[in-house]
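Numbering of ligands and ligand atoms starts at 1, following listing order. Along the sequence shown, residues carry numbers from 1.
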Amino acid sequence: MDKRPIGVFDSGLGGLTTVRELRRLLPGEDIVYFGDTGRVPYGSRSADTIVKYARQDVAFLRTFDLKAIVIACGTVSTTALDILAAENSIPVLGVVAPAAAAAARATRNGKIGLIGTQASIRSGAYERFIHGENSEAQVLAQPCPLFVPLVENGRFRRGDIVIETVAAEYLAPLKQAGVDTLVLGCTHYPLLEGVIAAYMGPDVKLVNAGAEGARAAADALERADALSPNTSGGRYRYFVSDRQEDFSRLASIFLGWDVTEAVGQVDISQY
Ligand code: DGL
């Protein structure tokens, strides 16, 4: 048993979709969340910049005595997981391998669509893990650079002409190719599940990388006998690198519960 909190981070709000699933699975765990809202999006940046930012995010989180860190970000998981895992003495867990495994299990026709940020798609990491599970699978990858800024600005609801137009443009080639499984390879994208499911149709299975990452993290902690003895009432602490006011309002939507705690502001460039 281990009572220490789990650290979770993302470039912004997207990682809260992972926190939501973590709380559903492990309601007694304490969580320290950092969203780098001052530097989002990461997905259009170079691998070197993403690694630099991710190292700073982890350095901030490690000012707490944590038992593990969950990278609740597809972009950082595809680009910096190995580096962060090698540099830290506590487990550092990502979302890519669990999502790839879930997609390989789910597909029936062997055609898997993948959407993510430019950096995630460029890395080829999802394809590598999917092919590790199923070497025959055909992976059709589509970067969706406008999704993260639109979601961060609250433009994710069905009926919003802007997000529906952008989604149709990105998803059309995947729909035409007949994928039966679609990996939402960025933790912001579950907010778009309604829009994406409506466009792709009911026969396409959506794989939520953030939720798969949360499940894999919960399993890893259980196997290591590192779960908290508490089974409810975990404590949540939130930190951001930009305005706290904006965070609380949107975070409540991402999480599905009200963020009533004071949100801390961090000068992440100091780490
Ligand atoms: N939630 C991040 C991800 O999963 C968004 C990356 C970004 O900031 O562009 O990839």
Side-chain angles (χ1 to χ4, degrees), residues 7-22 33-58 61 69-81 84 92-100 102-103 114-127 129 141-156 163 166 170 182-193 196 206-217 238-242 246-247 250-251 253-255 268:
V8 182
F9 75 97
D10 178 46
S11 57
L13 292 150
L16 294 171
T17 59
T18 304
V19 172
R20 181 178 183 149
E21 182 68 4
L22 272 176
Y33 184 84
F34 175 65
D36 195 2
T37 51
R39 302 191 295 198
V40 68
Y42 283 12
S44 49
R45 300 182 196 276
S46 68
D48 284 350
T49 301
I50 294 165
V51 170
K52 178 179 144 193
Y53 286 178
R55 278 186 169 131
Q56 291 177 312
D57 302 342
V58 168
L61 282 175
I69 290 180
V70 177
I71 306 174
C73 175
T75 305
V76 175
S77 298
T78 54
T79 307
L81 170 63
L84 299 174
V92 181
L93 308 162
V95 301
V96 175
L114 165 67
I115 53 175
T117 66
Q118 290 148 300
S120 287
I121 301 300
R122 202 169 47 224
S123 77
Y126 278 105
E127 282 99 323
F129 278 102
Q142 173 68 52
C144 303
L146 293 176
F147 275 177
V148 169
L150 284 170
V151 168
E152 290 273 334
N153 283 285
R155 306 296 295 266
F156 46 76
I163 191 64
V166 171
Y170 288 149
L182 178 62
V183 180
L184 310 186
C186 165
T187 55
H188 281 71
Y189 298 177
L191 269 286
L192 298 171
E193 223 168 278
I196 293 170
L206 304 185
V207 173
N208 173 340
E212 295 300 335
R215 276 175 222 140
Y238 305 96
F239 297 88
V240 291
S241 52
D242 211 312
D246 297 339
F247 176 84
L250 271 177
I253 300 171
F254 274 69
L255 288 166
I268 196 66

Are side-chain heavy atoms of [X] and [Y] found at a separation under 4.5 Å?
{"X": "Ile115", "Y": "Tyr170", "result": "no"}
{"X": "Leu84", "Y": "Arg55", "result": "yes"}
{"X": "Phe254", "Y": "Val151", "result": "yes"}

TODO: Check side chain to side chain donor-acceptor pair (under 3.5 Å) between Ser120 and all other residues, then give those that pass, not counting sequence neighbours.
DONE: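 In terms of side chain to side chain donor-acceptor pair (under 3.5 Å), with neighbours along the sequence ignored, Ser120 is linked to Thr78, Thr117.
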Task: Amino acids contacting ligand 1, non-hydrogen cut-off under 4.0 Å - done: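 Residues Asp10, Ser11, Val40, Pro41, Tyr42, Gly43, Cys73, Gly74, Thr75, Thr117, Val148, Cys186, Thr187, His188 each place a heavy atom under 4.0 Å from ligand 1, listed by chain and number.
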Open item on the list: Could you report the tightest heavy-atom contact between Val58 and Phe9, atom names first, then the distance?
Closed with: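 So the minimum-distance heavy-atom pair works out to CG2-CE2, 3.7 Å.
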Task: Residue pair Asp57, Tyr42: steps toward the side-chain contact (heavy atoms from CB on, under 4.5 Å) verdict - done: CA-CA 12 Å; Asp57 302 342; Tyr42 283 12; 2.7 Å; yes
